[in-house]
Amino acid sequence: MREVLAQAAFQLFLERGFERTTVDDIVARAGVGRRSFFRYFPSKEDAVFPDHERCLAEMTEFLAADDGGDPVGAVSDAARIVLRMYAANPEFSVQRYRLTREVPGLRTYELSVVRRYEQTLAGHLRSRFGADGDGALRAEVIAASVVAAHNNGLRLWLRSGGEGDPEVAVDHALALVRDVWGRPDVPATPATPAAPAAPAAPEVSGVPAASLAVSGGGDGDGEVVVMVARKGTPMWRVVQQIESAVGEN
């Protein structure tokens, strides 16, 4: 029933537009009552992303079974679970991407979903690096880098209309993240106060506390963006700077 409702909803969104489609329209198309809809989806927005809860649960289970090897490799492989979910249904994924670009409310919802993935990856990394001091910061930075790399490759594929193999671009982007962060585990040490005479932003392992690195082709389609931000930086500001760098509005 969940898939039936999601399919009915998405067909109506494409035919009439998201804002002009009501829950009553969706249940009428699906041939069920309103209670059935809200049993599966709290809102219309949730019906646009029916597969993310399952994907998030699969990611969580995958990380829980990690054997304690390379932590950056583990979270990179976990991110590929999301990629496979998109690649399993290219037509739907491309249509959803285009719809999300047109409806600001859906874009906001999508960002909240992305944040949940990032928090799941960061939680696993904190269990490896420690939850205090530089260990926690390192976990947040690597999780954000993995998500940014994955999304950059995924969006290249979506913008192409789902042509070709999406794993090529994503694997390349994630390889860059592993090149930077895939060093052997080092014990986390508590953060130390910065010298009072230094007005510049504090650094972690030589990386400024707020920076944006772009690498790849010069046309914008082959670039990977990795952002390092101070702990506590508003998520909307992080996303805004990343999207500005990759040309997303």
Side-chain angles (χ1 to χ4, degrees), residues 55-56 59-60 62-63 66 69-84 86 110-131 133-157 166-186 188 191 201-217 220-248:
C55 194
L56 185 64
M59 174 185 286
T60 302
F62 174 84
L63 291 172
D66 178 34
D70 173 20
V72 180
V75 293
S76 295
D77 289 341
R80 291 186 177 91
I81 295 173
V82 183
L83 175 65
R84 290 194 294 271
Y86 275 88
E110 184 184 47
L111 291 176
S112 72
V113 173
V114 171
R115 178 57 178 162
R116 292 178 66 193
Y117 285 123
E118 184 178 323
Q119 289 175 326
T120 299
L121 300 180
H124 175 75
L125 291 170
R126 282 194 299 271
S127 73
R128 297 294 306 276
F129 300 144
D134 285 354
L137 178 58
R138 186 180 179 195
E140 294 288 345
V141 169
I142 294 175
S145 300
V146 168
V147 168
H150 169 274
N151 287 351
N152 183 268
L154 174 62
R155 287 172 182 168
L156 287 174
W157 178 70
E167 292 193 19
V168 174
V170 172
D171 285 349
H172 176 69
L174 290 175
L176 294 178
V177 175
R178 294 185 70 172
D179 286 346
V180 174
W181 294 108
R183 300 187 297 271
D185 290 356
V186 295
E203 297 187 355
V204 177
S205 301
V207 180
S211 65
L212 200 62
V214 182
S215 65
D221 282 342
E223 296 178 342
V224 173
V225 177
V226 176
M227 181 175 184
V228 180
R230 281 198 188 95
K231 184 176 181 180
T233 300
M235 192 59 193
W236 67 266
R237 175 67 68 185
V238 175
V239 173
Q240 182 185 64
Q241 292 193 33
I242 292 174
E243 290 194 337
S244 175
V246 299
E248 291 286 322

Over all atoms of both residues, closest heavy-atom pair of Tyr117 and Cys55: OH-CB, 3.4 Å

For the student: nearest non-hydrogen atoms of Thr120 and Leu56, plus distance: OG1-CD1, 3.4 Å

Heavy-atom check, side chain of Arg80 versus side chain of His150, under 4.5 Å: no

Side chains of Trp181 and Ser145 in contact at under 4.5 Å (non-hydrogen atoms): yes

Side-chain touch Met59/Leu121, heavy atoms, less than 4.5 angstrom: yes

Tyr86 vs Val82 side-chain heavy atoms within contact, under 4.5 Å: yes

From NE2 (His124) to OG1 (Thr60), nearest 0.5 Å: 11.0 Å

Backbone N/O of Gly69 and side chain of Arg128: donor-acceptor pair under 3.5 Å: yes

Side-chain heavy-atom pair Leu156, Val170 within 4.5 angstrom cut-off: no

Rounded distance (nearest 0.5 Å) linking atom CG of Leu83 with atom CG of Asp77: 11.5 Å

Atom of Val146, atom of Ala79 and distance for their closest heavy-atom approach: CG1-CB, 3.8 Å

Closest contact, heavy atoms only, Ala173 versus Ala149: CB-O, 3.4 Å

Approximate separation, where rounding is to 0.5 Å, of Leu63 CG and Ser127 OG: 8.5 Å

Nearest heavy atoms of Ala144 and Glu118, plus distance in Å: CB-OE2, 3.7 Å

